[in-house]
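Here is the structure we will look at, set down as structure tokens.
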Amino acid sequence: VQLVESGGGLVLPGRSLGLSCTASGFNFGDYPMSWVRQAPGKGLEWVGFIRTRANGGTTEHAASVKGRFTISRDDSKRIAYLQMNSLRTEDTAVYYCTRVVRYGSGSTLDSWGQGTLVTVSS
Amino acid sequence: DIQMTQSPSSLSASVGDRVTITCRASQSFSNYLNWYQQKPGKAPKLLIYSASTLQSGVPSRFSGSGSGTDFTLTISSLQPEDFATYSCQQSYSIPYTFGQGTNLEI
């Protein structure tokens, strides 16, 4: 399993940025995918996830990003996306793409990308 | 939202020590609890899921227990490579919140 994020960088407050997560080594379409972020020197924060196409491909987002961030996926390209609009300085973080594995009624993040740094600053 | 509180926030220990980290949830949710290990500059790594199930490839000195609101991660005999930050996460209800992390130092 390999997950590789791309698209991070420096962006002005209020602007947009899109991240990509390219997956390999597993049947991408069979797994929900999630994004987790980590601000400098802080703990992990769950950003949201996208269900498989078989389960409607619907998404859930944390309240802190709802309405500004959108998770999507392209199973044919094996890519998960995180579109970030109206960025704020507090969105500065390393963003990780993760694979979601369900067990019973719970789930876990069993594989992580290396992360990509997003810096929101003027 | 379910709040996850870890204790302690930081911990100093020595190689060979037995260490226990606690994660307390603000509401009960059976065993939907994961533990991750993170080393500086690296992505987190899954250690334990479903409160007590060891992820494949994780050494048996790691163990997890608990249910309801109180969960523990135990390292039976610390090895040099175990010094890292450990975080818990609940997968019972959205948002799937993390604890603030426990920094395990030499």
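Values below: every heavy atom of this structure, side chains too, minus hydrogens, waters and symmetry copies.
Of the two parts of B/Tyr96, the backbone and the side chain both hold a non-hydrogen atom closer than 4.5 Å to a non-hydrogen atom of chain A. In this structure, chain A has heavy atoms under 4.5 Å from both the backbone and the side chain of B/Ser50. Heavy-atom distances place the side chain of B/Gln55, and not its backbone, under 4.5 Å from chain A. With a threshold of 4.5 angstrom between heavy atoms, B/Asn31 approaches chain A through N, CA, C or O but not through any side-chain atom. Heavy atoms closer than 4.5 Å to chain B are found in the side chain of A/Gln38, but not in its backbone. Heavy-atom distances place the side chain of B/Tyr36, and not its backbone, under 4.5 Å from chain A. Only the side chain of A/Val36 has a heavy atom closer than 4.5 Å to any heavy atom of chain B. Of the two parts of B/Gln89, only the side chain, counted from C-beta on, holds a non-hydrogen atom closer than 4.5 Å to a non-hydrogen atom of chain A.
Distance check: A/Phe49 CZ to B/Ile94 CD1 gives 4.5 Å after rounding to the nearest 0.5 Å. Here the straight-line distance linking atom OG1 of B/Thr97 with atom CG of A/Leu44 works out to 11.5 Å at 0.5 Å rounding.
Chain A forms the most heavy-atom pairs under 4.5 Å with one residue out of B/Gly99, B/Pro95, B/Ser30, B/Pro44, and that residue is B/Pro44. Note: B/Ser91 leads B/Ser91, B/Ser56, B/Ser87 in heavy-atom pairs under 4.5 Å with chain A.
The neighbour count for A/Arg102 CZ, taken as heavy atoms of other residues, nucleotides or ligands under 6.0 Å away, is above 12. When the shell of 6.0 Å around CZ of B/Arg61 is examined, it contains more than 12 heavy atoms from other residues, nucleotides or ligands. Around the CZ atom of B/Arg24, the shell of radius 6.0 Å holds no more than 12 heavy atoms that belong to other residues, nucleotides or ligands. For B/Tyr92, the OH atom is loosely surrounded, since the number of other residues' heavy atoms within 6.0 Å does not exceed 12.
Proximity of A/Asp110 to B/Tyr49: side-chain heavy atoms (C-beta onward) are nowhere separated by under 4.5 Å.
Minimum interatomic distance between A/Tyr96 and B/Lys42 (heavy atoms only, all atoms of both residues): OH-O, 3.4 Å. Heavy atoms only, all atoms of each residue included: A/Gly113 and B/Ala43 are closest at O-CB, 3.1 Å. The minimum heavy-atom distance linking A/Leu109 with B/Leu46 is given by the pair O-CB, 3.7 Å.
Both B/Val15 and B/Leu11 are assigned to one and the same hydrophobic cluster, defined by single-linkage of ILVMFWY side chains at heavy-atom distances under 4.5 Å. The hydrophobic clustering, which links ILVMFWY residues whose side-chain heavy atoms are closer than 4.5 Å, places A/Leu87 and A/Val65 together. The cluster map of Ile, Leu, Val, Met, Phe, Trp and Tyr, joined by side-chain heavy atoms under 4.5 Å apart, puts B/Leu78 and B/Leu73 in the same cluster. Under a hydrophobic-cluster definition in which Ile, Leu, Val, Met, Phe, Trp and Tyr are linked whenever side-chain heavy atoms come within less than 4.5 Å, directly or via other members, A/Leu17 and A/Val120 are assigned to the same cluster. B/Phe98 and A/Leu82 sit in two unconnected hydrophobic clusters of ILVMFWY residues. Membership requires side-chain heavy atoms under 4.5 Å apart, directly or through other members.
In terms of modelled atom types and a separation under 3.5 Å, the side chain of B/Asn34 and the main chain of A/Ser107 share a donor-acceptor contact.
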